[in-house]
**Student:** 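My questions will all concern the structure given below.
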Amino acid sequence: MAFNWTEVLIQKINPEFENLLNAHPHEAEALVAAVTLSLTALLAVVLALLAKKQFGGGQFSVTPTSKFSIRGIIEIFTEATMGLTEMVIGENGKRYTSFFAAVFFFVLLNNLIGLIPGMTPATENLNTTLGFGVFMFLSYNYLGIRENGILAYIKHFMGPVIVLAPFMFAMELISHIVRPLSLGLRLSNVLMGDHAVLSVFLDLAPAFVPIPFYVMGLFICFVQAFVFTLLSMVYVALATAGEHEH
């Protein structure tokens, strides 16, 4: 496992971690990813509190901020998320804005951690990204059942032709089961490749040369968070659509 500051922190807290690292490296990677996720969640809470402070101690205003600030950044991405949800899901997409904004920011923050020298992003670990994929799988199925009812939702899996219903149900079931895996693999593999390239150039030339790769890494962090969120929106749109829309 590549060196990172989270590993050093865990070793300082629990010296037994080094034995786990030597005997069970995969379990150690999962632990480091879990700690990184926790630190990211803490960072998200701090940013939320700072943004709330800029709103005036919780007195939220409908007027957009007129200066560059954390609040302004959050407003920009939230408005973009709102527009995207309405475009993908439809008129009712606005009510999912906070959900998808939270998903986007959480994935993005975890991706950006990989740009810090000596840190490995939690989203590089397959356990983390599969966890994200399973979360979205459970979320869109729950939303689909809540929107249409369980019987109508299951009917979506069977297609319009009764004769082909068993075959269509099996195909749809396989397609849905694969979705968490595809979401997880896409996110972890891309981040792993980007982090590996950046690490190589940091080792070869720590100054100036890695700058273009930092820019590329920043772009990839945003794109992967966007792709993950967009695909999640598509799954929710398909799950919550009425029968006449399928």
Side-chain angles (χ1 to χ4, degrees), residues 37 44 74-112 121-161 164-165 167-194 219-246:
L37 280 173
I74 293 175
E75 283 181 355
I76 291 172
F77 282 105
T78 303
E79 288 177 5
T81 303
M82 182 184 299
L84 192 60
T85 53
E86 290 182 331
M87 182 176 66
V88 175
I89 300 176
E91 295 179 352
N92 295 327
K94 185 181 295 185
R95 59 180 172 172
Y96 301 114
T97 299
S98 58
F99 173 71
F100 288 116
V103 170
F104 174 80
F105 278 114
F106 195 65
V107 175
L108 177 62
L109 286 174
N110 277 283
N111 291 349
L112 292 176
T123 42
E124 182 180 307
N125 189 286
L126 188 58
N127 296 294
T128 303
T129 56
L130 284 179
F132 284 175
V134 171
F135 169 75
M136 290 311 310
F137 173 80
L138 296 175
S139 297
Y140 79 73
N141 279 292
Y142 165 75
L143 293 173
I145 293 173
R146 189 185 69 175
E147 189 73 22
N148 300 297
I150 187 168
L151 294 178
Y153 184 67
I154 293 176
K155 189 178 179 180
H156 290 166
F157 288 67
M158 299 181 179
V161 182
L164 298 177
F167 175 75
M168 292 297 298
F169 182 80
M171 292 293 294
E172 285 290 328
L173 195 60
I174 294 173
S175 172
H176 280 255
I177 292 175
V178 169
R179 285 177 182 177
L181 182 63
S182 64
L183 282 173
L185 287 174
R186 181 184 294 107
L187 184 58
S188 66
N189 287 343
V190 173
L191 267 295
M192 187 181 299
D194 175 67
F219 175 74
I220 290 175
C221 288
F222 275 91
V223 168
Q224 287 304 308
F226 171 78
V227 169
F228 186 94
T229 307
L230 179 61
L231 288 175
S232 300
M233 289 181 185
V234 172
Y235 295 154
V236 170
L238 293 173
T240 57
E243 185 176 353
H244 64 281
E245 299 178 77
H246 282 260

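Here the structure is a predicted model, which is why all the values come from computation and not from measurement. Atoms considered below: every heavy atom in the structure, side chains included; atoms not considered: hydrogens, waters and symmetry mates.
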**Student:** Run the numbers on Thr123 and Asn110 for side chain to side chain donor-acceptor pair (under 3.5 Å), then give the verdict.
**Tutor:** CA-CA 6 Å; Thr123 42; Asn110 277 283; 5.8 Å; no
**Student:** Find the distance between OG (Ser232) and CZ (Phe104) and round it off to the nearest 0.5 Å.
**Tutor:**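 Going from OG on Ser232 over to CZ on Phe104, the span is 12.0 Å.
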**Student:** Report yes if some heavy atom in the side chain of Leu187 is under 4.5 Å from a heavy atom in the side chain of Asn111; otherwise report no.
**Tutor:** yes
**Student:** Can you tell me how far CD1 of Ile145 sits from NE2 of His156, rounded to the nearest 0.5 angstrom?
**Tutor:**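 The NE2 atom of His156 sits 11.5 Å away from the CD1 atom of Ile145.
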**Student:** Check residues 168-186 and write down every donor-acceptor pair under 3.5 Å in which the side-chain atom is one partner and the other belongs to a residue at least two apart or another chain.
**Tutor:**
| residue | atom | partner | partner atom | Å |
| --- | --- | --- | --- | --- |
| His176 | ND1 | Tyr140 | OH | 2.9 |
| Arg179 | NH1 | Tyr140 | OH | 3.3 |
| Ser182 | OG | Arg179 | O | 2.8 |

**Student:** Within the 4.5 Å heavy-atom criterion, are Phe100 and Ile89 side-chain neighbours or not?
**Tutor:** yes
**Student:** Output, in order, the C-alpha distance, side-chain angles, deciding distance and verdict of side-chain contact (heavy atoms from CB on, under 4.5 Å) for Met136 and Val103.
**Tutor:** CA-CA 9 Å; Met136 290 311 310; Val103 170; 4.1 Å; yes
**Student:** With rounding to the nearest 0.5 angstrom, report the CG to CD distance, Leu84 to Glu79.
**Tutor:** 13.5 Å
**Student:** Calculate, to the nearest 0.5 Å, the distance between atoms CZ and CZ belonging to Phe77 and Phe105 respectively.
**Tutor:** 6.0 Å
**Student:** Rounded to the nearest 0.5 Å, how far apart are CZ of Phe219 and CZ of Phe226?
**Tutor:**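 Phe219 atom CZ to Phe226 atom CZ measures 10.5 Å (nearest 0.5 Å).
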**Student:** Going by the rule side-chain contact (heavy atoms from CB on, under 4.5 Å), which residues pair with Leu143 if we only count those two or more places apart in sequence or in a different chain?
**Tutor:**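 Leu143 satisfies side-chain contact (heavy atoms from CB on, under 4.5 Å) with Tyr96, Arg146, Val236, Thr240 only.
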**Student:** Checking the side chain of Asn141 only, and the main-chain atoms of Ala239 only, is there a donor and an acceptor separated by less than 3.5 Å?
**Tutor:**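 Not confirmed, Asn141 side chain does not pair with Ala239 backbone.
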**Student:** Testing Val227, Ile220, Val223, Thr129 for side chain to side chain contact (heavy atoms under 4.5 Å, CB included) with Val190, which one passes?
**Tutor:**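 Exactly one candidate clears the test, Ile220.
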**Student:** Of all the heavy-atom pairs spanning Val88 and Ala237, show the shortest one and how long it is.
**Tutor:** O-CB, 3.7 Å
**Student:** In terms of the angle between their ring planes, are Phe228 and Phe132 parallel, tilted or perpendicular, with boundaries placed at 30° and 60°?
**Tutor:** perpendicular
